[in-house]
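Letters go in sequence order (proteins before strands), and every chain restarts at 1.
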Protein chains: 2
Amino acid sequence: MYSIQEVCSKTGLSAHTLRYYEKEGLLTNVSRSSGGFRQYSDEDLEWLGLICCLKNTGMPLQEIARFVQLAHQGNSTLRERVGLLKDHREKLISRMEEMQRYLDKITWKVDFFSAKLREYEQTL
Amino acid sequence: MYSIQEVCSKTGLSAHTLRYYEKEGLLTNVSRSSGGFRQYSDEDLEWLGLICCLKNTGMPLQEIARFVQLAHQGNSTLRERVGLLKDHREKLISRMEEMQRYLDKITWKVDFFSAKLREYEQTL
DNA sequence: CTCTGTATTAAAGTTTACTCAAAGTTTAGT
DNA sequence: ACTAAACTTTGAGTAAACTTTAATACAGAG
């Protein structure tokens, strides 16, 4: 079991954010010490790994919360969960292709301006 | 020369947003008709292309405005502009690598849950 | 002459994802 | 037992990038 600070350093999320995620239903059933302090399990950490993965690839927190909620309802929601993940995966692939095109454009610009810079510095 | 609506359909930005960008200094010196209507040139469209490219790859509008401002100051700012673009390019590449790792994780999850779904549907 | 589109400014509202403050409680170390 | 550090809660505040509203007025087409 890990304290909130340990989870902060493991995940890079702030304690504020961890509590916020819990309040928003992204992470549920985090156990507590006798005094009421949060105690995160390894399973919680795995969930956080998935949450960060989805969040950092652009899924809104609401949709992640929905996924978590479905997971809690057991196998009958497997189809919907697979659907959600597949949709997200497709969108991510499109976005990555878009990013690649933008990267190419930026690379072109960098090269263009670098050449222009060398030219300009000759004239000094 | 293009009207604001033509530029909307060409870029996918709203008229509000185009005026907003102008106010924020992202697009400057847009010319006007005798009646005061905006008339966008091909050069303006190219600028908008770059603006969207930078924006959609995560550059904050403020930084884009800074870049535009530098461009207006001429060749003496070439070095700084190249630096800005190169920095952005490096960040973008890192982000794309991160996305690839996340994509792999999601693909793994999709496969895992798909298998679980087939298993579950057998039991029905 | 009317209708639709566009113009202005300025301010308020929206959404997402946090982030902070206050005030009290629990834990760990000595 | 004492104390400092860590933790709790609730509710308010923040930032970015728009989006909307409002009030008023000019432009160009039919």
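- B/Glu6 places its CD atom 13 Å from the C1' atom of C/dG5, with the value rounded to the nearest Å.
- Note: B/Leu45 CG to B/Met1 CE = 10.5 Å, rounded to the nearest 0.5 Å.
- Going from atom CZ of A/Arg19 over to atom C1' of D/dT10 covers 12 Å, rounded to whole Å.
- In this structure, B/Ser3 OG and B/Gln39 CD are separated by 9.5 Å, a value rounded to the nearest 0.5 Å.
- Salt-bridge check for A/Glu22 with A/Arg32: passed, with a basic side-chain N closer than 4.0 Å to an acidic carboxylate O.
- Separating the NZ atom of B/Lys23 from the P atom of C/dT8 is a distance of 11 Å, rounded to the nearest angstrom.
- Annotation: the span from A/Ile106 atom CD1 to B/Leu54 atom CG amounts to 5.5 Å, rounded to 0.5 Å.
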| request: Begin from the C-alpha positions of B/Leu48 and B/Leu26 and carry the test side-chain contact (heavy atoms from CB on, under 4.5 Å) through to its verdict. | output: CA-CA 9 Å; B/Leu48 280 172; B/Leu26 274 77; over 6 Å; no

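- Within the nucleic acid shown, A/Gln5 comes within 4.0 Å of sugar-phosphate atoms alone, with no base atom in reach, counting heavy atoms only.
- In this structure, A/Leu26 atom CG and C/dT16 atom P are separated by 13 Å, rounded to whole Å.
- Residues A/Glu80 and A/Arg66 are paired through a salt bridge, judged by an N-O separation under 4.0 Å between the basic side chain and the carboxylate.
- At a non-hydrogen distance threshold of 4.0 Å, A/Ser33, A/Ser34, A/Gly35, A/Phe37 from residues 30-53 of chain A come into contact with DNA chain C.
- With rounding to the nearest 0.5 Å, the separation of NZ in A/Lys109 from CG in A/Asp104 is 14.0 Å.
- Side-chain contact, A/Asp42 with A/Tyr2: a donor N or O sits under 3.5 Å from an acceptor N or O.
- Residues A/Asp44 and A/Leu27 approach most closely at O-CD1, 4.0 Å, considering heavy atoms.
- When every heavy atom of A/Leu92 is checked against every heavy atom of B/Met99, the shortest pair comes out as CD1-SD, 4.0 Å.
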| message | Using side-chain contact (heavy atoms from CB on, under 4.5 Å), reason through B/Glu121 and A/Leu78 one step at a time and then give a plain yes or no. | response | CA-CA 10 Å; B/Glu121 287 183 336; A/Leu78 267 173; over 6 Å; no

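- Between the CD atom of B/Glu24 and the C1' atom of C/dT9 there is a distance of 14 Å, given to the nearest Å.
- Overall, the helix from C/dC1-D/dG30 to C/dT30-D/dA1 carries an axis bend of 20° between its ends, with five pairs at each end and the value rounded to 10°.
- Spacing between atom CD of A/Glu22 and atom P of C/dC18 amounts to 15 Å, rounded to whole angstrom units.
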| request: For each nucleotide in nucleotides 15-20 of chain D, reading 5' to 3', give B when a protein heavy atom comes within less than 4.0 Å of its base, S when such contact involves only the sugar-phosphate, and - otherwise. | output: --BBSB

